[in-house]
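Everything below concerns the one structure shown next.
Chain letters run A, B, ... following the sequence lines, proteins first, then strands; residues in each count from 1. Here the structure is a predicted model, which is why all the values come from computation and not from measurement.
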2 protein chains.
Amino acid sequence: MYHNPFYTPEVQGQHELISIGRLDLEHGGSIEDCQLAVATRGTLNEARDNTILIPTWFTGTHQAWLDTYIGPEHALDPSKYFIVIVNQIGNGLSTSPHNTGDEMIAMSRFPFVTIGDDVVAQERLLREHFGVTELFAVVGASMGAQQAYEWAVRFPDRVRRAAPIAGTAKNTPHDFLFTQVLIDAVTSDPGFNGGEYASNKEVVAGLKHHARVWAVMGLSTEWWKQEEWRALGFETPQQTVEEFLEPIFAALDPNSLLVMGQKWQHGDVSQHAGGDLAQALGRVQAKVFTMPISEDMFFPVRDCAAESELIPDGELRVIDDVAGHFGLFGFVPSYMEQVNRNLAELFAS
Amino acid sequence: MYHNPFYTPEVQGQHELISIGRLDLEHGGSIEDCQLAVATRGTLNEARDNTILIPTWFTGTHQAWLDTYIGPEHALDPSKYFIVIVNQIGNGLSTSPHNTGDEMIAMSRFPFVTIGDDVVAQERLLREHFGVTELFAVVGASMGAQQAYEWAVRFPDRVRRAAPIAGTAKNTPHDFLFTQVLIDAVTSDPGFNGGEYASNKEVVAGLKHHARVWAVMGLSTEWWKQEEWRALGFETPQQTVEEFLEPIFAALDPNSLLVMGQKWQHGDVSQHAGGDLAQALGRVQAKVFTMPISEDMFFPVRDCAAESELIPDGELRVIDDVAGHFGLFGFVPSYMEQVNRNLAELFAS
C-alpha cells in the first residue's frame with residue numbers, strides 16, 4: 001500500500017467507494033472486502049428501467065467518461081438516464097493491489113481477476129445498492145466492451161441494449177500477445193521487483209516503455225503520418241510521446257496494469273458455452289450496436305464485424321477515426337458525433 | 001568481442017568477408033577496416049551489366065535470401081544474373097559490435113551507421129572488388145528496401161531496376177516509434193548493461209521480449225486469428241512464440257539489433273533533396289516495382305503506395321499475404337509465386 005496521487009479525488013473527481021462484501025473469484029481466491037469506485041449521474045426512475053451501466057477500460061477511470069461522453073449534449077444524457085460508471089477491479093480506484101488494506105491481496109499477492117468477476121461484482125452492486133436488476137443499456141469501450149459483452153451473455157434477459165465500442169467478446173490471439181508486450185514493458189523494469197516496489201516512481205522506466213508501446217498500437221500509422229498530434233499542441237512525434245503519453249502512464253500504478261492486462265487477455269464470453277462463441281453470442285437478447293474504430297490497430301473492424309454477425313439483434317456501426325484506438329479519448333470532434341448518433345439510435349429503439 | 005555461434009558458416013553457410021578499407025560515416029566517426037560479408041551466385045557477364053544487388057533486412061543475413069528467393073526456379077536465377085548479397089553493416093556478419101577486433105568500435109562503442117553508409121560501402125565493394133558500376137537491379141526487403149531506394153536516389157544513372165519489398169524510402173513516424181519499442185525491449189534488460197554484456201546469453205530475457213514485440217507486429221492480426229501457425233507445425237500461439245520466435249531472436253547479438261534499429265529509424269532518401277521526398281524520388285531513373293505486403297502491420301500498403309506515386313517510372317505491386325511483414329520468410333507458398341511473377345516482369349522490361 002502506498003499513496004499514489006493519481007488515484008485521488010483531486011485528479012479523479014468525486015466518486016463513491018461502495019463495498020459489495022466478499023467476492024469469490026472465478027479462478028480461485030477471493031477479495032474479502034471488494035470495494036467498487038462508482039460515479040453516477042442522473043436519477044433512477046420509478047420503473048427502475050432507465051439505468052445505463054458503464055464499465056471502464058484499461059487504465060481508464062469514470063473520469064474519462066464524465067469528461068467526454070456524458071452530459072446534456074450527449075446521448076448519455078443524465079436528464080434521461082441513471083448513469084452508473086463502475087471502475088473495474090484493479091484499476092487503482094476500486095479494490096486494487098496498491099490501495100487495499102488487506103495484506104493477503106496487497107501488491108504482488110493480488111489474485112487473478114476476470115471480466116466475469118467484474119460483471120458479477122457490478123450486478124451485485126446494482127441490485128443490492130441501487131435496487132437495479134435490469135439495464136436499459138450497457139455501454140463500454142475496449143475492456144469496457146469486454147464487460148458489456150459479458151453482461152449481455154451472462155444475463156441475457158436483463159440487458160436491453162449494449163454498445164461495445166472498440167473491443168471484442170472473445171479476446172483475439174493477437175491481442176493476447178499485444179497485452180503480453182504491454183505487461184513485459186512493466187515487469188522487465190528491475191524497479192518493478194516482482195510487484196513489490198515502494199511506489200510507481202521506482203518503475204518509471206518501465207511505465208514509460210509501456211507508454212511507448214501504446215504510441216505504436218494505441219494510435220494509428222495514419223494518425224502519426226498526418227501529424228494529427230499538432231491538433232493537440234505538440235511540435236514533433238517525440239514531444240508527443242515524451243510530454244503526453246509517457247506522463248500519462250508514468251502516473252499509474254504498475255500492478256494495476258498487470259491485473260487489468262491479464263484480465264484483458266482472458267476475456268472470452270465463449271466460456272459460457274463450452275468454448276462455442278457462436279452459441280454464446282447467439283444467446284444475447286439485447287439489441288447490440290458493435291462499434292469498432294476504423295483505424296484501430298488491435299481491434300480491427302473485421303474482428304468486431306465477425307462477432308457482430310453472431311448476435312441475433314446485432315448491427316455493425318463502424319466509427320471512422322484516424323486516431324485509431326485512442327480515438328476513445330475524443331481527440332477528433334467527429335468521433336463523439338458518430339458515437340452520439342449511434343447511441344441515440346440505439347437508445348431510441 | 002565474443003563468440004556467437006549464430007554468426008558462423010555452420011549456421012550461415014559459406015560467405016566471404018571482404019574488406020573495403022576505411023569507411024567514413026555520414027554522421028561522424030569511421031570504421032577503420034570495414035568488412036562486408038558477401039555471398040554471390042551466378043557469374044558476371046562480359047558486358048558487366050547483369051548484376052543484381054541484394055542488401056539484407058533487420059536481423060536477416062544472406063542466408064535468408066539463398067534459402068527462399070534464389071535459384072533456377074526463381075526470378076532471381078543465377079544462370080542469368082550475377083547475384084551479390086551483401087550483409088548490412090552491424091548485422092553480426094559484416095563488421096559489427098560483437099565481432100570487430102577494433103576496440104575503438106567494439107560493443108557499446110560502435111558508431112551510428114546509416115542506410116547511406118551501407119550503400120556507399122556496397123558501391124565501393126562492387127566497383128573495387130567486382131568491377132561493377134551499374135546494377136541490372138537492386139532487390140531488397142524491409143531494411144533492404146530502404147537500401148534499394150537509397151541506391152536509386154543516390155546513384156540514379158547506375159540503377160536500371162529496383163524492387164523495394166515491404167519497406168519505405170522515408171521511414172514513417174510510426175515505424176520510428178515501433179523501432180524504439182524493439183530497442184527498448186533489449187536495452188531495458190539489466191543484462192544488456194549499456195551494451196557491455198559478455199555474451200547474448202546475458203540478455204536472453206530482453207531478446208525474448210523483443211521477439212514478443214515481433215509476434216505482434218511482424219505477423220498480422222489475421223495470421224494469428226486464422227491459426228496459420230498450424231502450417232508451421234505448432235499447436236498453440238504460445239508454442240509458436242516460445243519455440244519459434246523467441247529462439248530466433250535469443251540467438252542474436254543484442255548490440256546488432258541496436259545498430260540496425262537506429263539505422264532503420266533514420267532511413268530517409270529525402271535527405272538528398274533538403275527534406276523534399278517528392279524531389280528525391282523524382283530523381284529516380286530506375287524502373288521501380290514497389291511491393292508492399294497486404295497485411296503488413298507497420299509498412300501498410302498506403303504508405304508504400306504514396307511513395308510509389310512519386311517515382312517517375314514506378315508501379316505499385318501489392319503482394320497479397322496473410323502473414324504480414326514476416327511473409328518475407330515465404331511461409332505461404334503463394335508469396336514467392338507473386339514475388340517471382342513481379343520480379344520476372346521487372347527484369348524482362
Distance check, rounded to the nearest 0.5 Å: Gln180(B) atom CD versus His209(A) atom NE2? 9.0 Å
Would you compute the distance between atom CZ of Arg212(B) and atom CG of Asp184(A) and round it to the nearest 0.5 angstrom? 4.0 Å
Tell me, for Thr221(B) versus chain A, whether the close heavy atoms (under 4.5 Å) come from the side chain, the backbone, both or neither. both
Flag the pair Met217(B) / Val216(A) as yes when at least one side-chain heavy-atom distance between them is below 4.5 Å, and no otherwise. yes
Please classify the contact between Glu222(A) and chain B as side chain, backbone, both or neither, with a heavy-atom cut-off of under 4.5 Å. both
The interface call for Asp175(A) against chain B, heavy-atom contacts under 4.5 Å, is neither
How about residues 186-200 of chain A versus chain B: which residues have heavy atoms under 4.5 Å apart? Ser188(A), Pro190(A)
When the 4.5 angstrom heavy-atom criterion is applied to Ala211(A) and chain B, the contacting part is neither
Steps toward side chain to side chain contact (heavy atoms under 4.5 Å, CB included) verdict (Arg302(A), Lys225(B)): CA-CA 11 Å; Arg302(A) 63 185 165 198; Lys225(B) 189 176 183 187; 5.5 Å; no
Any side-chain heavy-atom pair of Gln238(B) and Phe176(A) under 4.5 Å: yes
If you look at every heavy atom in Leu177(B) and Val241(A), which pair is closest and at what distance? CD2-CG2, 3.6 Å
